[in-house]
Amino acid sequence: PTAGRSPPPAAAARAWAHQRVIIIEPDQVWGDAPLARDSGWFTDALREADLQAVVVAPVGVDDEVLGMMIAARRTGARRWTDGEGVAALELGHDLGRAIANAHATQRERRLLQELRELEETRRKFLRVLTHEINNPMTVIAANAEFLSHSEFSDERDRRRAQAIVR
């Protein structure tokens with residue numbers, strides 16, 4: 001389509017909003033008035049591609065339109081039936097759920113990886129913190145042990161040193 005025509009994604013959004021498919025045949029577009037204004041362009045495109053008809057089914061989940069799928073019939077084939085249109089719309093629902101599930105799985109994997117990285121960072125932090133605390137504590141404990149048994153310490157200093165050692 002040229003400038004001024006309704007882009008197909010907008011048509012898919014309208015079709016999703018109304019829960020219907022768009023059927024395009026030579027000289028006729030059903031299900032979307034803005035596209036119907038370009039029926040001449042579609043007629044030429046269908047003839048050039050040797051197609052009898054095209055059904056455009058929106059693909060989505062909940063209120064989100066994810067895209068569209070297009071199925072075509074060659075020239076000489078029968079027309080799309082209402083039942084086939086409903087089936088195409090249901091396929092759009094199923095495909096939309098599958099795509100949404102794939103996105104959710106990808107997001108879940110990404111978040112799980114982030115959690116693993118955070119857990120590793122936490123462990124590293126605790127190892128460093130433990131090491132940094134233990135170094136001065138070892139020196140303090142060794143000196144307190146020395147003072148608690150030293151003949152140069154008075155009774156009050158020995159009691160204090162023993163309290164530190166405990």
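Values reported hereafter were calculated over all heavy atoms of this structure, with side chains retained and with hydrogens, waters and symmetry mates removed. Remember, it's a predicted structure, so these values are computed and weren't measured experimentally. Here, residue 1 is the first one in the sequence, and each next residue gets the next number.
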Spacing of [atom1] belonging to [X] relative to [atom2] belonging to [Y], to within rounding of 0.5 Å:
| X | Y | atom1 | atom2 | value |
| --- | --- | --- | --- | --- |
| Glu108 | Asn101 | CD | CG | 10.5 Å |
| Trp30 | Leu35 | CH2 | CG | 13.5 Å |
| Thr105 | Arg109 | OG1 | CZ | 6.0 Å |
| Trp16 | His93 | CH2 | NE2 | 4.0 Å |
| Asp38 | Ile24 | CG | CD1 | 9.5 Å |
| Leu126 | His131 | CG | NE2 | 14.5 Å |

Close side-chain approach of [X] and [Y], heavy atoms under 4.5 Å:
| X | Y | value |
| --- | --- | --- |
| Glu48 | Asp44 | no |
| Gln19 | Pro58 | no |
| Val29 | Ile23 | no |
| Leu46 | Val54 | yes |
| Val55 | Ile70 | no |

Treating Ile, Leu, Val, Met, Phe, Trp and Tyr as nodes and any side-chain heavy-atom pair under 4.5 angstrom as an edge, say whether [X] and [Y] lie in one connected cluster.
| X | Y | result |
| --- | --- | --- |
| Trp80 | Leu89 | yes |
| Leu51 | Val56 | yes |
| Leu129 | Met137 | yes |
| Val86 | Met68 | no |

* Asked: Is it the case that Asp27 and Ser39 place a side-chain donor and acceptor less than 3.5 Å from each other?
  ->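 Note: Asp27 and Ser39 side chains miss the donor-acceptor criterion.
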Greater than 12 external heavy atoms within 6.0 Å of [X]'s [atom1]:
| X | atom1 | value |
| --- | --- | --- |
| Gln113 | CD | yes |
| Asp50 | CG | yes |
| Asp63 | CG | no |

* Asked: In terms of side-chain geometry, is the basic nitrogen of Arg123 or Glu119 positioned less than 4.0 Å from the acidic oxygen of its partner?
  ->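 Here Arg123 pairs with Glu119 in a salt bridge, since their nearest N and O are under 4.0 Å apart.
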* Asked: Between Arg79, Gln52, Arg73, which is the residue that forms a side-chain hydrogen bond (donor to acceptor under 3.5 Å, both in side chains) with Glu25?
  ->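 Result: among Arg79, Gln52, Arg73, Arg79 is the only option passing the side-chain hydrogen bond (donor to acceptor under 3.5 Å, both in side chains) with Glu25.
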* To do: Go through the steps to decide whether Thr43 and Arg47 satisfy the test side-chain contact (heavy atoms from CB on, under 4.5 Å), and finish with yes or no.
  => CA-CA 6 Å; Thr43 297; Arg47 284 192 183 123; 3.1 Å; yes
* To do: Please confirm whether the backbone N or O of Glu64 pairs with a side-chain atom of Asp62, one donor and one acceptor, at under 3.5 Å?
  =>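 Not confirmed, Asp62 side chain does not pair with Glu64 backbone.
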* **Expected output: side-chain Arg20 to main-chain Gly31 donor-acceptor under 3.5 Å** =>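 The answer is yes, because a donor-acceptor pair under 3.5 Å joins these two groups.
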On a heavy-atom basis, which atom in [X] and which in [Y] lie closest, and how many Å separate them?
| X | Y | answer |
| --- | --- | --- |
| Gly96 | Leu66 | O-CD1, 3.6 Å |
| Asp32 | Ala11 | OD2-CB, 4.0 Å |
| Val65 | Ala13 | CG2-CA, 3.8 Å |

* Asked: Could you walk me through whether Glu84 and Arg78 pass the salt bridge (Lys or Arg N to Asp or Glu O under 4.0 Å) check?
  -> CA-CA 12 Å; Glu84 290 168 330; Arg78 62 184 174 77; 2.8 Å; yes
* To do: For the pair Val61 and Ile99, evaluate side-chain contact (heavy atoms from CB on, under 4.5 Å) and give the outcome as yes or no after the intermediate values.
  => CA-CA 9 Å; Val61 64; Ile99 291 169; over 6 Å; no
